[in-house]
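Data block below; observations after.
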Amino acid sequence: MFSLSVLPPPPRYPSQPGGGYNGISATGGVLPMIETNNILTTPTGPEYQFLVGEGLYVLKEDLHLATPPPHPSEAPIQNPNPLSTAPQPATAGTQLSLINIDVGPLPPSFYRSNSRSDGISGSIQEHPDERSQSSTEVRESTSDGGRLNSSDGGGGHFCSHAPAFGEGNTLLTPTPTKDSNKRRKPKNNMTKSNSSFISRVINHETLSKKLQERARDGMFAFANVNRAFQWLDLSSPTKTEYLTKILFTKAHCLSHDVNRVTKSAAHVDVVMGFSTGEIIWWEPISQRYTRLNKNGIINSTPVSCIAWIPNSENLFLAAHMDGTLIVYDKEKEDAIFSPEDEGTPLSSPSTAVRSSSDAPPLPRPTSSTSSSNNKTTTSSAIHKIHIQKSVHSRNQKVNPVSVWKLSNQRINAFAFSPDNRHLAVVSEDGSLRIIDYLSETLLDLFYSYYGGLTCVTWSPDGRYVLTGGQDDLVSIWSPGVDGTTQGHLVARCQGHHSWVTGVKFDLWRCDLDETTTGAGRNYRFGSVGEDGRVCLWDFSLGMLIRPRVGSTTHGVVGGRPLGEGSSRGRSNSGLSGGDTVREGGVNGDGEGDRGKGGGLRKGEVRPRAVEPRAGTAVLPPVLSKIIDDDPLCWLEFTRDAIITSCKSGHIRTWSRPAELTPLGEQENKVE
């Protein structure tokens, strides 16, 4: 008679032959972890191509990054409940930071004239005959085949006239080196590190040779997948072979960025933000690193977004999930941060209100219409930036350099404007904040239709801001940062069936001819979402769909697009131009509503009322196609392709139509 017994569950990951359960050998020792390789495939068929007006996009290749199993020290999750509301460790899908070490070609839009019909200079400087910046300087400031920025399509370093962040505070001046041509390196050797934070570092056996033989116009890529971080050469014929692969013990890299100011053939600065709140400054060529915010000494919440501050060699901005933005210096030591211990700031131009206390959660604004005068009014609380440490503080010997508390909700993403003066920040509370980060001042505040906002980017000319959110919508906003218009919602874009996770402008399909009116400018942008869908959009004010009769939006009034000289305030079809109702935000002079009787001080704003969907212009996509079985999380446009990535580590490159001629290229050839 046989006795019944319960068999143990199978291991989550296969172990070596003869090994025990969960990577434990029969003798009790830990087996070496089995590393899988990246896989490159070239699928074909109609499901791997999509047709747009300019031609057929075809999947060129699918690079699947190897996803490492959990670290042996992590306890396996038994029967996870997908409906559980318990807090889960922060994680993120695969994202890329692209960089071209050598100078690449510029996008056609860069050659456009800089004059505007309204007499105001545009955000992007004229090229190549620019007075404030030489042709060589402009070309060196771009990378990746002419892209503005690998992490933000509208965040390139174009304007040399923008002051540096913290200008005037001599305490922030970098320490000069003996050789001005050499960059300062991080202090620790990564390959010989015994840190418990890093599990394993794997370098290519011929790394030095591959770096010497690589194509001069080749593109490097830095990618995160689970607890791994890979350095890839996308121009190599053996691109599946990573140059360096770093495995972290338990932390997941959520965001990363490459410094385009310090990049050279001998030096590349990379910053990574982790789920533990820690940050690593890594120089891949020398394989050295420095660990910042160690053990969460400054802020222990995960880093959701990180980026180098434009035109800065040392400073970068990190968004933590407690609603705080923190500026770090890569070369400074960390110290325990206490807001009330901060010294008196130097002659600071900041107009925001400083406070050591956290801002309480504030209600979303609602709009109501009075039947007596048919005017829309807004009743909401006052918002401001709570500066817990200013960039002009006297205490700049250690990190952090600056700390801004925006809300108690997590910050999902931020993006720098093309003129390097403004910052767009989106949060889980559905807010879009427009900040003058040079003066640490909140300029305007908008809210989504519902749910959080997850991604943000600027248009190449700085006139528009795109956001994607949990309302399945891509929203187009006019931030009104030029001082002549008031911030407002321009249109909502409907095409996704789930949360939007990435938005980006296609510089090679944007016609930024400044000689045309604002309604005549054409923009192409793309978006990806958790529905595995990519959407492409063509946008100009003149093509927006007319809202319902009797309703009014900022972009369209009674079905007629607003011209450049028209008022951008909140208007009703029954009101004349002089009866425009201005609400919330700040006035064009930056003085807020205090000059209008609103009682607001500088740096204080009231959020804009949420526009009803029935009265908002709607933009349909020119393409909406499911291109991946897994949720998409990132996209980028290059001269030759569209690159997308998903949460499972697939990096797909979609070749542009073979006969594609970028807008404006013919004019440039003639000139």
Side-chain angles (χ1 to χ4, degrees), residues 95-104 140-144 147-152 155-157 164-166 172-177 179-191 193 198 201 203 207 211 214 218-224 229-233 243-246 248 253-274 278-294 303 305-319 326-334 399-401 414 416 420:
Q95 301 179 15
L96 277 70
S97 292
L98 306 176
I99 186 71
N100 190 329
I101 301 299
D102 300 294
V103 177
E140 286 290 343
S141 68
T142 59
S143 60
D144 309 336
R147 296 181 310 105
L148 287 174
N149 190 308
S150 68
S151 59
D152 173 28
H157 313 294
F165 179 69
L172 293 177
T173 305
T175 304
T177 58
D179 187 350
S180 59
N181 295 325
K182 289 186 178 181
R183 301 288 183 183
R184 194 182 299 272
K185 304 287 185 182
K187 58 184 179 181
N188 301 317
N189 190 319
M190 177 165 284
T191 57
S193 173
I198 300 174
V201 179
N203 288 321
L207 176 60
L211 292 178
R214 64 179 295 271
M219 185 182 296
F220 282 143
F222 298 89
N224 62 292
F229 189 79
Q230 295 192 22
W231 176 24
L232 304 166
D233 184 0
L243 301 178
T244 298
K245 182 176 182 179
I246 309 172
F248 300 96
C253 178
L254 306 182
S255 181
H256 43 88
D257 191 33
V258 181
N259 194 327
R260 283 155 185 80
V261 176
T262 61
K263 70 180 179 70
S264 67
H267 186 95
V268 178
D269 284 323
V270 182
V271 285
M272 297 173 266
F274 290 86
E278 296 176 270
I279 296 170
I280 281 184
W281 164 36
W282 179 44
E283 203 290 297
I285 297 178
S286 64
Q287 291 294 315
R288 304 190 70 84
Y289 81 102
T290 293
R291 194 169 157 196
L292 303 172
N293 193 28
K294 188 175 181 180
V303 179
C305 186
I306 194 169
W308 292 94
I309 291 181
N311 298 329
S312 176
E313 296 183 8
N314 289 3
L315 303 181
F316 59 88
L317 180 64
I326 300 180
V327 178
Y328 294 88
D329 189 315
K330 69 180 184 181
E331 297 181 0
K332 294 185 185 298
E333 297 291 336
D334 296 335
N399 281 320
V401 173
F414 62 80
F416 291 100
N420 299 334

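Because the structure is predicted, anything quoted here is derived from the model rather than measured.
The aromatic rings of W231 and W282 lie perpendicular to each other, with more than 60° between the two planes, well past the 30° mark.
When only modelled atom types and interatomic distance are considered, N203 and T244 share a side-chain donor-acceptor pair under 3.5 Å. Between D329 and N399, the side chains place no donor N or O within less than 3.5 Å of an acceptor N or O (distance only, hydrogens not considered).
A donor-acceptor pair is defined here as one N or O able to donate and one able to accept, closer than 3.5 Å; no such pair exists between the side chain of S97 and the backbone of F222. No side-chain donor-acceptor contact under 3.5 Å links N188 to the backbone of M190. A donor-acceptor distance shorter than 3.5 angstrom exists from the side chain of K263 to the backbone of N100, with no hydrogens or angles considered.
The ring pair (Phe, Tyr, Trp, His ring centres under 6.0 Å) test applied to F316 returns W308, Y328, not counting sequence neighbours. For Q95, there are no side-chain hydrogen bond (donor to acceptor under 3.5 Å, both in side chains) partners, not counting sequence neighbours.
For E313 and R183, the salt-bridge test passes: some basic side-chain N is under 4.0 Å from an acidic carboxylate O. The residues E283 and K330 are annotated as not salt-bridged, no charged nitrogen and carboxylate oxygen being separated by less than 4.0 angstrom.
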>> Quick one, V201 with Q287, criterion side-chain contact (heavy atoms from CB on, under 4.5 Å). Give me CA distance, side-chain angles, the key distance, then yes/no.
In response: CA-CA 10 Å; V201 179; Q287 291 294 315; 4.2 Å; yes
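Side chains of L232 and F220 form no contact here, defined as non-hydrogen atoms less than 4.5 Å apart. Using a 4.5 Å cut-off on side-chain heavy atoms (C-beta onward), F416 and I309 make contact.
Counting all heavy atoms, side chain and backbone alike, S286 lies closest to K185 at OG-CD, 3.8 Å.
For the atom pair Y289 OH and K187 NZ, the distance stands at 9.5 Å (nearest 0.5 Å).
At least one test fails for R291 against the ring of F274: distance under 6.0 Å to the centre or angle within 45° of the axis.
By the neighbour-count criterion of 12 heavy atoms within 6.0 Å, atom NZ of K294 is sparsely surrounded, having that number or fewer from other residues, nucleotides or ligands.
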